[in-house]
Amino acid sequence: MAESHPQSLLDALRPRLAAVAELDAGALEAEQIAVLGRKSGALTALLRSLATLPPEERRAVGAAANELRQAFEAAFVARSDALVSDAATATVAQRDLTMPGRRRWVGAEHPVTKVVDEICEIFHGLGFNRAVGPEAETEWMNFGALNFPADHPAMDMHDTFYLDVGGDARPGDGKAVLLRTHTSPVQIRTMMEGPPPYRVVIPGVVYRKDPFDPSHAPVFAQIEGLAVDEGISFVDLKGTLLHFARQFFSTSTKVRFRPSFFPFTEPSAEMDVSCDLCGGSGCSACKGTGWMEILGCGMVHPKVLENCGVDAERYTGFAFGMGPQRIAMQRYGIPDIRLLYEGDMRFLDQMGRAR
Ligand code: PHE
């Protein structure tokens, strides 16, 4: 057969050399195997068969075959390089250089964190230091030392999360352990640490068996304040809290005190501030009253001072407690407290850009 002769095989392969420059990636690989493949490549087979040729023919055909092999090798490399650089060019061409860049999320403080820090800063300016306490408390710290009577309804299982810590402690015996229902036990811890004077602000999280609805959450933040020294009076309480309100809200903010009751303060009051949003004329945020209730306060009950080993004849003080979430909602016009818990990036991003 003509094709089986070495010379005619070489002649048959030559035109395929020129075609290499047109092959796509798949065809190029197939052609490399067909021509130079170690097992069944046509040129490989021819080179192997040289030994069977008569000497003169072997030299001539051998030289031609080797030359053709080198030419194929070079052509394969050149085509493969060209395909790689074509692909790179194509990717660049596909890029839309006018497309806007991807925007990164820039973190921001949570509105409640911001409000807590701001409030603590204002009191820091008046000489109050930050203090913190544990979220799991004994019944004594959370209620008893704060002068709650043993049968106070706040201690009910329905209002408070009791923890099962083993042993024989039972709700109502003072030793039971619970998730604190307010930050006031940290007043007790502060006063038990050493003698007065005390000026502390206590940010923290508290727990109550409340439903999770637009205005309640079972876990929420509080900021407690305590000042105890010789000669502290209700005038100091009012002056301090008025200063706070004017720093935090605005210089024209008005405050009013309404009588109230807490077992651990006497007298006790609720403090309202003139509505930040309508300036006191009445709007939906203040339910048309022009006032917003922001904290509970009072003079520390002498019984509480005594429970902590503080001489109630010599020392007096005031305490207050507020809910920074409610305050953040009022300040930013947030209609539903649950927005502060959900971690929705659209909400947080909007808050991050607020004042
Ligand atoms: N602990 C009270 C509450 O949670 C708030 C408060 C604190 C009132 C300090 C008076 C003094 O409602």
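Counting starts at 1 for both ligands and their atoms, following the listed order. The first residue of the sequence shown is numbered 1, and numbering continues consecutively from there.
For Glu29 and Arg79, the salt-bridge test fails: no basic side-chain N is under 4.0 Å from an acidic carboxylate O. Contact check on Asp272 versus Arg256 returns a salt bridge, with a Lys/Arg side-chain nitrogen under 4.0 Å from an Asp/Glu carboxylate oxygen. Comment: Asp344 engages Arg346 in a salt bridge, judged by a side-chain N to carboxylate O separation of less than 4.0 angstrom.
The CG atom of Asp336 sits 11.0 Å away from the OH atom of Tyr341 when rounded to the nearest 0.5 Å. The distance from atom NE2 of His182 to atom CG of Asn142, rounded to the nearest 0.5 Å, is 4.0 Å.
Under 3.5 Å, the side chains of Glu139 and Tyr162 contain a donor-acceptor pair of N or O atoms.
Considering only non-hydrogen protein atoms, atom 5 (C) of ligand 1 sits nearest to Gly321 CA, 4.1 Å.
Under 4.0 angstrom from ligand 1, the non-hydrogen atoms of Phe264 all belong to its side chain. Residue-level proximity to ligand 1 for Cys297 is carried by the backbone, the only part with a heavy atom below 4.0 angstrom.
The option with the heavy atom closest to atom 3 (C) of ligand 1, from among Met322, His301, Met271, Arg208, is Arg208.
Checking only distances, Thr181 never comes within under 3.5 Å of ligand 1, N or O to N or O. Taking any N or O of Glu224, backbone or side chain, none lies under 3.5 Å from an N or O belonging to ligand 1. At least one N or O atom of Gln222 sits closer than 3.5 Å to an N or O atom of ligand 1.
Counting heavy atoms of neighbouring residues, nucleotides and ligands inside a 6.0 Å radius, atom NZ of Lys209 exceeds 12 of them.
For ligand 1, the atoms closer than 4.0 angstrom to any heavy atom of Ser184 are 1 (N), 7 (C).
Not a single heavy atom of Phe318 sits under 4.0 Å from any atom of ligand 1.
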